[in-house]
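Right, one structure below, let's go through it.
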Amino acid sequence: MELLHIENLSFRYPKQAQDVLRDLCFDIPQGAFVTLCGPSGCGKTTLLKNLKPALTPHGQKTGTILYRGTPMEHLSDKDKAVKIGYVLQNPDHQIVTDQVWHELAFGLENAGFDTDTIRLRVGEMSSYFGITEWFHESTDRLSGGQKQLLNLAAVMAMSPELLLLDEPTSQLDPIAASEFLNTLKKLNRELGITVILAEHRLEEAFCLSDLAMVMDEGRIIAFDDPRHVCQTLTDTRYAAGFPTASRIWQAAGGSGSCPLTVNEGRRMLADAARPAIFPLPPRSLSEETVLELKDAWFRYEREGKDILKNTCLRVQKGELFCLLGANAAGKSTVLRILAGTERLTRGKLLIHGKVQKPKDPDAGRHIALLPQNPLDLFLKDSILEDLQDMCAMAGYAKEEQESAITQIANDLSITHLLAQHPFDLSGGEQQKCALAKLLLRRPDILLLDEPTKGLDAFAKNELLAFLSSYIRSAAGASTKRGMTILCVTHDVEFAALAADRCALMFDGEIMAAAPPERFFAENHFYTTAASRISRGIFQNTVTVAQVCALMKGNHK
């Protein structure tokens, strides 16, 4: 039986020339687990919000949405609120109270449930989701993973029949993301809840799904079993984001059933290849250190806990350094200290070998920070106005401004977004526009906090090529030193492709940095799917390209 029936659904935002959703027709069976994917800005969020009446954006909508055979607009207000649950991409945007227990009860209170029912459901959800140990905590003290789990538990307390999730793992570390997705599947399997998950992390999502829907430019490109989708879209741009096992299978010739899981990939590789060693790519780092923390200690409150504990870090000129670790490990704190927005409790910060002191007029002059929330950087009503404002602040001559904006917009493929308001863009589009604004400052040190959040696999590859060009040539071109990039990320696949060195942050310290081939090969959880699949068969392989290179010359 179908839970949702969508027929000829189109949607256009105000003052826009084109529809964001274009004549969509599909059915969602009751109890299905559906993964919704596609390029950034393809319409995924808009589609989900049209399925949740309270969040449907203002604009022109045509077509039909039936929920159990009833037009969505004819459902009662209580059914719209209770039967359809929604989990946002940013966990901070959904939490509305200051205590965990109150957050769990808030939706039930507003829906008019009686006190006994509220207490029972709050207790049950707290036990089911393992929240009991932090039940009385303040919500602002929770990690990103805990906040997202709390959001899910608060929605589930309403007993929804349909659960909509908009990239809920985008700000979670690999372990927390895996646990969150497995919790979703458990809810789907054990309670029969229909799940529609918009996601860019397809490595695990496809394995859990009954159906996969691929969108692009507001249209449905494919809607089928995940294996069939991978096979159908082989050799297209969409395949770049598919599970690693399926991409290796494609490179091996694509015979037989398409594998999705690490186990299936390992069996395929063991049958198709003999053991081999991938030659380590040459990496030579500059001897010049541009960023350094020495014996650094930091806490936010005088009596609070130490976030950094005798931490040491060195980043060399012209390298791309990736820092990984669990949510709330202190990675973003490191970036804020390096950018000068927070001061060390003890220890030293050196930039280009110079110790940074409070109120130093040169402090932060060379550094630009892309924060986790890119909207923090926007002040104007359009992207173009923000970029023009940055050019004025950075001292561009009037005749330089237009060409500089045109160049950066072309490089980041955001020309079509310049007239739009920052808040009207998708998460991935906001990331790219914020990066464009920062690069107009012409920094020689760039700090990135989750730069791939909200980006599809194709856009990530474009970003990598773009950042690499800046490292090689300092395309901002007011400096000849080249650009140095320190990137905090949960995206292990991006780090394996992009980084010269990677390091793990744990318990207030930064562990010894190493090249990706050594770092990921020695990890079990903070590692890539390619490393898991090839481990014990191929050595030094942590990317799909490396595995495929050995596959081609090492068939049995």
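Predicted model, so just to flag it, every value in this text is computed and none were measured. Both backbone and side-chain heavy atoms feed into the values below; hydrogens, waters and symmetry mates do not.
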Quiz item: Between the side chains of D27 and H5, is a donor N or O closer than 3.5 angstrom to an acceptor N or O?
Solution: yes
Quiz item: Are I175 and Y526 side-chain neighbours, meaning at least one heavy-atom pair lies under 4.5 Å?
Solution: yes
Quiz item: Would you say the side-chain atoms of Q60 and D19 include a donor-acceptor pair closer than 3.5 Å?
Solution: no
Exercise. Flag the pair V542 / F519 as yes when at least one side-chain heavy-atom distance between them is below 4.5 Å, and no otherwise.
Key: no
Quiz item: Do Y13 and D424 have side-chain N/O donor and acceptor atoms under 3.5 Å apart?
Solution: no
Quiz item: Under the salt bridge (charged side-chain N to carboxylate O under 4.0 Å, His left out) test, which residues partner R532, sequence neighbours left out?
Solution: none
Quiz item: Without hydrogens or angle criteria, can the side chains of N188 and K185 be said to hold a donor-acceptor pair below 3.5 Å?
Solution: yes
Exercise. Check whether any side-chain heavy atom of N110 lies under 4.5 Å from a side-chain heavy atom of M158, and answer yes or no.
Key: no
Quiz item: So do the side chains of T64 and N8 get within less than 4.5 Å of each other, counting heavy atoms only?
Solution: no
Quiz item: What about the rings of F206 and F242, do their centers lie closer together than 6.0 Å?
Solution: yes
Quiz item: Does any non-hydrogen side-chain atom of R237 lie less than 4.5 Å from one of D456?
Solution: yes
Quiz item: Under 6.0 Å from the NE2 atom of H524, do we count more than 12 heavy atoms belonging to anything else shown?
Solution: no
Quiz item: Backbone N or O of L172 within a donor-acceptor pair of the T169 side chain at under 3.5 Å?
Solution: no
Quiz item: Within 45 degrees of the axis of the six-membered ring of F494 and under 6.0 Å from its centre: does K453 put its NZ or CZ there?
Solution: no
Self-check item: Side-chain donor-acceptor contact under 3.5 Å, S40 with E429
Solution: no
Quiz item: Is it the case that Q148 and N151 place a side-chain donor and acceptor less than 3.5 Å from each other?
Solution: yes
Quiz item: Can K186 be said to sit on top of Y128's aromatic six-ring, NZ or CZ under 6.0 Å from centre and within 45° of the ring axis?
Solution: yes
Quiz item: Are R68 and Q30 close enough that a side-chain donor and a side-chain acceptor fall under 3.5 Å?
Solution: yes
